[in-house]
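One-based numbering, in listed order, for ligands and for the atoms of each. Quick caveat: nothing in here was measured; it's all calculated off a predicted structure. We're numbering straight along the sequence, starting at 1. Quick note: numbers below take in every heavy atom, side chains included, and nothing from hydrogens, waters or symmetry partners.
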Amino acid sequence: MNPLYQGMPVSVFERMSLSAAEHDAVNLGQGFPDFGWPEPLVTEAARLLREGSNQYPPSRGLPTLRQAVADHYDRHQGLDLTPEHVLITSGATEAIAATMLALVQPGDEVIVIAPAYDAYAPLIRRAGGVVREVALRAPDWRLDAAGLRAAVTAATRLIILNNPHNPTGRLFDAAELEAVAAVAREHDLLVLSDEVWEHVLLGDARFTSLAALPGMAERTLKCGSAGKMFSLTGWKVGWLVATPELAAVVARAHQFLTFATPPNLQAAVAWGLGQDDWIVPMRSAFTRARDRMVSGLERSGYVALPAQATYFQCIDLHASGIPLDDEQFAMLAVERAGVASIPISAFSEKEPVTTMIRLCFAKRDETIDAGLAALAKARALAC
Ligand code: GLN
């Protein structure tokens, strides 16, 4: 192996999407919708591409979008924000990268709650930091407050929380959020709260931003994503929300990463954030899609875990009577049954859970049904 690859594996999303293409499989792996987006938003972006500016916007983001993000969170999450709290980035992943590069000094420890999004650990290391994983316990994936507390050392700088949580689809409850906040306050830590799934809530799920907890506005760096909000994952328009002081520090790092984000897409998102009529239909469409997937899975003998948010549904392979680990099953499913999924073990470095896979239900009915048929075949092959 090329030693330069050390610490930077091929992302599981890329690996499974390439496998899906190679085997002409239904892609329920990487999380992206295959159905429509809010049409007026795309129309507005197309108009702005013709009539707006196509030159560099300000590095910190278009003032209209920074204002729209601040207003949106004031309205929906009771945060008290101004444009000075907001930095626009090229997707939430860039907000995470800029935060690591700006705030993590060589030797600093960063606590990651695993299973965790696969970009965190490589970015922490690139910034010179040390990854400390705290494991959520399957199958209910609750946060272990004592485990979190025990992971803090004198070198800890930051905790990364992802809520709603990818890949499990969990929303942490009030007690779990308070446990994170208490540890951060006691040890004077910052928290990068990756809240990109905040609007992709299923059924009657309700979301609270970590920044809304007492004493947390000043120590939370919240990241959000227009891609997730509007089902436009390829736009890569995201943002970071923090105190003006912290936002200014992260903005310095962002200057030397991407500098800025396409202005027409920013302007279209600013317009979209001002309309709230997409939220309820989006949630009911995703809730219906999840329910369709879960009933199909149960019909063919799978045990599905509860999913409260995100595009994702996990299945417990062992409880479903499948004697393979997640990686073996995912490969069998894509190569021999024609459906791509994501093995959950890819989201942990230290104590991977190897008995679950993640499926994306942000798909048209036909795609879900084709995926379900292939999953039924995969189970028959595996059992
Ligand atoms: N967020 C997406 C997921 O969890 C993947 C993003 C990516 O492909 N890097 O599936």
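Residue contact annotation: Phe312 has a non-hydrogen atom under 4.0 Å from ligand 1. Ligand 1 has Arg358 within reach: a non-hydrogen atom of the residue lies less than 4.0 Å from it.
In the vicinity of Gln30, heavy-atom distances shorter than 4.0 Å reach the ligand 1 atoms 7 (C), 8 (O), 10 (O). Taking every non-hydrogen atom of Gly31 and a distance limit under 4.0 Å, the qualifying atoms of ligand 1 come out as 3 (C), 10 (O).
At a heavy-atom distance under 4.0 Å, no atom of Ile342 approaches ligand 1. Contact annotation: for Tyr311 versus ligand 1, there are no heavy atoms closer than 4.0 Å.
Taking a cutoff of 4.0 Å between a charged side-chain nitrogen and a carboxylate oxygen, Arg170 and Glu176 qualify as a salt bridge. Ion pairing of Arg292 with Asp365 is present here, as a side-chain N (NZ or NE/NH1/NH2) and a carboxylate O approach within less than 4.0 Å.
Nearest non-hydrogen protein atom to atom 6 (C) of ligand 1 is Tyr117 OH, 3.1 Å.
Of the inter-residue distances, the one linking Met216 atom CE with Leu210 atom CG reads 4.0 Å to the nearest 0.5 angstrom.
Side-chain contact check for Glu198 versus Asn163: every heavy-atom pair is 4.5 Å or farther apart. Contact of the Cys314 side chain with the Ile357 side chain is not registered, since no non-hydrogen atoms from C-beta on lie closer than 4.5 Å.
The salt bridge (Lys or Arg N to Asp or Glu O under 4.0 Å) test applied to Asp80 returns no partner, not counting sequence neighbours.
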